[in-house]
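Structure first, then comments.
Bear in mind that the values here come from a model prediction, so they are computed numbers and not experimental data.
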Amino acid sequence: MKRILLLLLAAACCLDAATAADAADKDKKRRRKRDRKTVVEQPVPAPVTAPQVCETPPADLRATDSLPAAEPVNDLTLKMTAEQADSLVAAWHEYRQEVRYTDFFNRCILADTVLIEGTDSVALARKDALYAGRLRDLVSPVPLAYNYIVRNSVTNYVERYPDMTGRILGLARCYFPFIEDALLRAGLPIELRALPIIESALQATAVSRAGAVGLWQFIPSTGKSYGLEINSLVDERRDPIRATEAACHFLKDLYTIFGDWTLAIAAYNCGPGNVSKAIARSGGRSFWEIYDYLPRETRGYVPAFIGATYAFNYHRQHGIEPVEPPIPLAVDTIRVNRILHLEQIASTIDVPMETLRMLNPQYRLDIIPASTRPYTLVLPQRNIAQYIAREEEIMAKDSLYLKEYLNPVNLDKKRQERASTVYRIKNGDTLGGIARRHGVTVKQLMRWNNLRSDRIRAGQRLRIEK
């Protein structure tokens, strides 16, 4: 009986659950039907006018890839032509050169203003103490000793020939940047930049009585042994860049031999053989210990180096300022792959022939002999784009300017013409200073120019034979 009652109760529960589920299902169907009817009966919304496009889209839209990327604007050009850009770069480079040159002396050189006048014993003693102290303050790996011999060299640069020193300082702004770079790359003391001052007064075409040529005054044998090309058309001893690289190798070799910079500098002047002889005879191991056993010219060489170093660093204390250099400060290099005469360039773009010769002194007859390999052409930065734009026109003039030079007879004639140069005298020039810069004597200058005295004037032209 109990079992029957339990079965009936279970059946009733199942029936109630089925009924409830059926009722719930019917209720869901009614709600869906009502919702569909409500959606259908809603009024159709009015069309929405598209909003105006903003000039700057929202950040979330700018980040998507669905919008086309705006074309970038190159603001660096400032809508300038290539020539205008070159001119701006040249002006920037010249400004940076001036700032760097001035900043060196402002930051690295003590700005004392002591100037001692007079030549009596008291004044000389005070000068000696002042000059010795200033040289000590330079703290150089090259020993900068001071004595009465060095005092004479210092006096030459800062008292006797201040105009010459001013011109050297002006040229230093052109040459010292790459000379310093080459010395640093070679691991050499940067103070060695003063060597071309005493060698050539920073004249790239200087020639000595012994036939040494260029900023660093290489004789032909030494120049060739350090890879410089020397022939009828090209003399890389006159090339400031190539000659500087060769000088760095030579100085490094000399220091390896002697282990002392004063001896290496002396050997640069008279050769390692003469220095070795002086060491053997004196038993000394420094310049001042072998001083009396060196050739006479070399005895003044290291003192002159110290004097030039002093003058470069302390010229302001003596009221000496750089003279505007005749060479552009901002230059660039073009590689030339065809034989080219410099006159082809000067007749086509705005670069005077004299400027081309000053920037490319290694081409002895104004010819770049790039027939079998490329050569370099140095131009003012302002004219680089102009040269590139008119390069075809320049090269097309080869038959006009090279025809007479390719004949051996004409080459000899032109070589003889270039053997003498004309120098235009500037304010402050002296006949002695001009003679020293060009490696000749005053008597020779007077004979070549029919001068009866050594009095000259600015603007006068002097013929200098090589």
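Of the charged side-chain nitrogens involved, none lies within less than 4.0 Å of a carboxylate oxygen, so that Arg237 and Glu229 do not count as a salt-bridged pair. Under a 4.0 Å N-O distance rule, the pair Asp366/Arg357 qualifies as a salt bridge.
Judged by a 6.0 Å distance limit and a 45° cone about the ring axis, Arg173 is not positioned over the six-membered ring of Tyr175. Both tests pass for Arg134 against the ring of Tyr314: distance under 6.0 Å to the centre and angle within 45° of the axis.
The environment of Arg390 atom CZ is dense: over 12 non-hydrogen atoms of other residues, nucleotides or ligands sit within 6.0 angstrom. Heavy-atom neighbours of Arg424 CZ from other residues, nucleotides or ligands within 6.0 Å: at or below the threshold of 12. More than 12 heavy atoms of other residues, nucleotides or ligands sit less than 6.0 Å from atom CZ of Arg160. Summarising the local packing, CG of Asn231 is surrounded by more than 12 heavy atoms from other residues, nucleotides or ligands at distances under 6.0 Å.
Contact annotation: the side chain of Leu183 approaches that of Cys248 to within less than 4.5 Å [non-hydrogen atoms, C-beta and beyond].
Relative ring orientation between His249 and Tyr226 is described as parallel, the plane-to-plane angle staying below 30° on a 0-90° scale split at 30° and 60°. Note: Trp288 and Tyr291 have parallel aromatic rings, judged against thresholds of 30 and 60 degrees for the angle between ring planes.
A distance of 6.0 Å or more separates the ring centres of Tyr157 and Tyr310.
Checked against Ile306 for a side chain to side chain contact (heavy atoms under 4.5 Å, CB included), the options Ile198, Leu144, Val142 give a single hit: Leu144.
Between the side chains of Tyr423 and Asp429, at least one donor-acceptor pair of N or O atoms lies under 3.5 Å.
One finds the CG atom of Asn449 at 4.5 Å from the CG atom of Leu462 (value rounded to the nearest 0.5 Å). Note: Trp216 CH2 to Thr222 OG1 = 14.0 Å, rounded to the nearest 0.5 Å.
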